[in-house]
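Just below is one structure, and these are the notes that go with it.
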Amino acid sequence: MTINRETAQLLKKVAAVFRVKEGDSFRVKAYNNAASAIDNLSEPIDELWRQGKLDTIPGVGKSLLGYLEEYFTKGKVRHFESQFKKVPAGMFALMNIRGVGPMTAYKIAHRFHLKDESTALADLQVLIRKGKLTNLESFKQKSIARLTKALKIKSTGKGRLLLSDALAIAEAFISYLRLSPFTMDAEPLGSLRRRLSTVGDIDLAVKTKKPEETMAHVLAYPQISAVITSGDKTSHVKLKNGFEVDIKLSEPEDWGSLLQHFTGSKMHNIHLRTLAKEKGYSLSEYGIKAKGKVHHFQTETDFYHFLGLPLIPTEIREDTGEIELALKKQDFNLVELKDIKGDLHLHSNFDFPSSHDLGGSSLHEILDRAYELGYEYIGLSDHNPKFVGLTEKAKEKILIARRKYLEQDFRAYENRVKNRGIKLLIGLEVDIRPSGELALSEDLLNTLDYAIVSIHASFDQTKEANTRRIIQALSHPKALILGHPTGRQINEREPLQADWSEIFNFCAQNHKLLEINASPDRLDLPDDLIRQAIAQGVRLVIDTDSHEVSQMDFLKLGVWQARKGYATKNDIANTHSLQKFLAVLK
DNA sequence: GCCGTTTTCGGCCCGACTGTTTTCAGTCG
């Protein structure tokens, strides 16, 4: 969401100017708070602006509201521009280096007249190479060495990782950590543990009674390419694959406090501490200070209970209302992986002229994996075939032949394995054309148990056109599921524009299901739209869209995504038995 | 500059790590 990133950056720059040019640290904090809130928005801020909802952003009050209005109307903010004139613009580029904040950046940019933001980093490289970065107050040899190292690391750095990739890196590291006899437990922290769709840095916690020995083991991990910082309790390292990892050590008695603290989010913790402070408590990763006594917590459950709250699931700790709900003693009851009884978006290697990519696994392989995953049913949803130049009759023949083949193949499987009792639904994933028509006629759709209807092209239609298109597509009786609804591909393609409120109303009234697509690069619906859909009474279905049996394991990503959208078991249709699920079809 | 079901004024989360300093400032999460 580049617009959010850009807007947040703008406010951070203004905060930086205030930081170096005036003494009001609380105004600096206010700008930075608003910036991180904007950075964490799940919808584009310019969309909020068009809807007149800028003031719903936490940390945006009367003044910032005015400035943001000006920014979106005119592209510039006069007040901000006049602030920027007070500092050399090169400092903003320097602030992108780890360990360099506003003060250091200003110090360097001012001393060496780095006025061009676009060349400041290169200029700094030259200054270092020529040994001219001297005569700076409180910035001697070690600081220069640190800066040089940070610049080097930055040049080989990577952007944000997909959740699934971050998870793989974290799990490999954790397996290594468990090799040490001093490792009592190890867990991911931060955005990884909150199951955000993308992860910047990977944070890990290690439980140990021997911190010194354990930290030595941590730093001996063969995948480490550079140790960025290292202390008794924390180390920050860079891996050979370019990604950075933070490792925190904890004594068993503080394990719960540590997990809670570093899982965050930052806004969630600040909100919690503000509440705690009213009771005279002070919260930290070492526990809760109350009346001069420090209370320790081995589990997060105990930590939250001490504050009079139920355990808040990690996925929703974003300060978007979860603390208010917890204060009302609301039980969250979020859906769990073990609740899932079937996967209805699976591509097999059934060979007919497909309009998109064919799957790589056979029906039997898919059924085997479904059995291992404990499913009661699966749905095959290969892409609709192309049918170029065929008559309607010929097309129908092909679809009926597929159905017969699959039914026969399924019976062969049942005879072979005995008593597994998995049920099979025969469906297709059908393209929604730009007009809103489906790629298959009414008669052809009727040869199926169900259809997933999805947009695969022409994403950039107007909001009105896309809305109409989706509703028209869902109007067919066999169109049961809207596949990957927004079409987003994380880091690749923005979600399409549509009036989701109108679409959700249609789905609620006509018993249509919205998919939560668990593909690591989709995770679509996004969590805020899941929440909105549930509020409007829509039911959802969590699917993997697998093209290969190993991808069926991605279902957990979809469950996490659903949890981020506050979905309970009841909100998810494929937590029900097939009989109950099929009742939806009627 | 933001925020409030005790407040529209008077507060504003907390600690690790680093480097340059002799007690602290800057940065990060």
Side-chain angles (χ1 to χ4, degrees), chain A residues 11-12 14-20 22-37 55 57-68 79-80 83 94-108 136-147 149-150 189-194 199-205 211 215 227-237 244-250 254 257-258 260-279 281-289 294 319 324 327-328:
Chain A
L11 295 187
K12 280 181 189 164
V14 181
V17 180
F18 288 150
R19 176 73 182 87
V20 297
E22 57 174 296
D24 186 358
S25 63
F26 292 113
R27 178 147 56 157
V28 174
K29 189 178 292 189
Y31 271 76
N32 279 323
N33 281 347
S36 39
D55 59 350
I57 303 170
V60 173
K62 216 170 151 187
S63 301
L64 283 173
L65 180 67
Y67 293 141
L68 288 174
H79 176 58
F80 293 175
Q83 296 301 322
L94 304 190
M95 282 168 54
N96 292 322
I97 307 166
R98 175 181 291 278
V100 177
M103 299 308 270
T104 314
Y106 176 76
K107 192 189 294 177
I108 296 171
L136 282 164
E137 201 184 333
S138 304
F139 201 86
K140 309 289 184 229
Q141 278 315 314
K142 278 193 177 173
S143 296
I144 294 167
R146 205 168 120 88
L147 178 69
K149 192 173 167 188
L189 298 165
S191 52
L192 182 52
R193 188 156 179 262
R194 299 201 310 282
V199 174
D201 285 1
I202 295 167
D203 300 305
L204 302 178
M215 192 56 93
V227 176
I228 298 167
T229 64
S230 180
D232 301 338
K233 300 183 167 75
T234 304
S235 282
H236 189 95
V237 302
E244 294 181 19
V245 183
D246 252 325
I247 302 99
K248 324 269 183 194
L249 304 190
S250 168
D254 290 323
S257 307
L258 181 94
Q260 195 289 323
H261 180 85
F262 288 108
T263 297
S265 67
K266 188 177 173 184
M267 300 307 280
H268 175 88
N269 282 357
I270 289 175
H271 192 159
L272 270 191
R273 293 211 188 90
T274 310
L275 283 180
K277 206 161 185 174
E278 290 164 10
K279 297 184 183 176
Y281 300 159
S282 169
L283 312 186
S284 80
E285 66 258 49
Y286 301 113
I288 300 178
K289 254 184 256 173
V294 179
D319 195 25
E324 289 82 349
L327 282 168
K328 290 183 201 156

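None of the values given here were measured: they were computed from a predicted structure. To find a chain, count down the sequence lines: A is the first, B the second, and so on, and within it residues start at 1.
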_Under 4.0 Å, heavy atoms only, any strand: does Lys107(A) hit a base, just the sugar-phosphate, or nothing?_
nothing
From CG of Leu258(A) across to C1' of dC14(B) the rounded distance in Å is 14 Å
Assign each of Tyr281(A) and Thr234(A) the nucleotide of DNA chain B bearing its closest heavy atom; nearer the 5' end lies the nucleotide of Tyr281(A)
Partner of dT8(B) under the Watson-Crick or G-U wobble criteria, both distances under 3.5 Å, comes out as none
> When you check the phosphate oxygens OP1 and OP2 of dC14(B), does a side-chain N or O of Ser282(A) lie under 4.0 Å from one of them?
Replying inline: yes
Separation of dT18(B) atom C1' from Ile228(A) atom CD1, nearest Å, is 14 Å
Sorted by chain and residue number, the salt bridge (Lys or Arg N to Asp or Glu O under 4.0 Å) partners of Arg146(A) (sequence neighbours excluded) come out as none
Item checked: Min side-chain heavy-atom separation His79(A)-Gln83(A) under 4.5 Å -> yes
- Message: What's the gap between dG26(B) and dT21(B) when it is taken at their C1' atoms, as a whole Å value?
- Response: 13 Å
Per the O4'-C1'-N9-C4 / O4'-C1'-N1-C2 angle with a 90° window around 0, dT7(B) comes out syn
Worksheet item: Taking the C1' atom of each, how far is dC17(B) from dC12(B), in whole Å?
Response: 24 Å
Whole-Å distance, Phe18(A) CZ to dC2(B) P, equals 11 Å
Counting any heavy atom closer than 4.0 Å, what does Leu283(A) reach on the DNA or RNA strands: base, sugar-phosphate only, or nothing?
sugar-phosphate
Hits for ring-ring contact (aromatic ring centres under 6.0 Å, His included) against Phe26(A), two or more places apart or cross-chain, chain-then-number order -> none
Distances for protein N or O near nucleotides 9-12 of chain B N or O, under 3.5 Å:
| residue | atom | partner | partner atom | Å |
| --- | --- | --- | --- | --- |
| dC12(B) | OP1 | Lys277(A) | NZ | 2.8 |

Note to self: Donor-acceptor check, side chain of Lys107(A) to backbone of Glu137(A), threshold 3.5 angstrom: yes or no?
What the structure shows: yes
Requested in this report: State, with a plain yes or no, whether a side-chain heavy atom of Leu11(A) is found less than 4.5 Å away from one of Phe80(A).
Outcome: yes
Review point. Taking Arg194(A) for the side chain and Thr263(A) for the main chain, is one N or O donor matched with an acceptor at less than 3.5 Å?
Key: yes
Heavy-atom closest pair (Leu136(A) atom, Ile108(A) atom, distance to 0.1 Å) is CD1-CG1, 4.1 Å
Problem set entry | Non-hydrogen side-chain atoms of Glu244(A) and Arg98(A) separated by less than 4.5 Å | yes
Next item on the list: Could you measure between the two P atoms, the one in dC28(B) and the one in dT23(B), and give it in whole Å?
Entry: 26 Å
With sugar-phosphate taken as primed atoms, P, OP1 and OP2 and all else as base, the protein-contact string of nucleotides 20-29 of chain B at under 4.0 Å (heavy atoms; B, S, -) is SS----SSSB
- Parallel, tilted or perpendicular, as decided by the 30° and 60° cut-offs, for the rings of Tyr31(A) and Phe18(A): perpendicular
Handout entry: Phosphate OP1/OP2 of dC2(B): any Tyr31(A) side-chain N/O under 4.0 Å
Key = no
Residues passing the salt bridge (Lys or Arg N to Asp or Glu O under 4.0 Å) test with Glu22(A), sequence neighbours excluded, are Arg27(A)
Fill in: Whole-angstrom distance between dT22(B) and dG29(B), as gauged at atom C1'
28 Å
Less than 4.0 angstrom between a side-chain N/O of Thr229(A) and OP1 or OP2 of dA16(B), yes or no? no
Atom pairs, protein N/O to nucleotides 3-6 of chain B N/O, distance under 3.5 Å:
| residue | atom | partner | partner atom | Å |
| --- | --- | --- | --- | --- |
| dC3(B) | OP1 | Gly59(A) | N | 2.9 |

query: Using atom C1' of each nucleotide, how far apart are dT27(B) and dT20(B) to the nearest Å?
result: 14 Å
Using a cut-off of 6.0 Å, state whether more than 12 heavy atoms not belonging to Lys149(A) lie near its atom NZ.
yes
Between His236(A) and Val245(A), is a side-chain contact (heavy atoms from CB on, under 4.5 Å) present by the stated rule, with each step listed? CA-CA 6 Å; His236(A) 189 95; Val245(A) 183; over 6 Å; no
Pairwise P distance for dC2(B) and dT6(B), with rounding to whole Å
24 Å
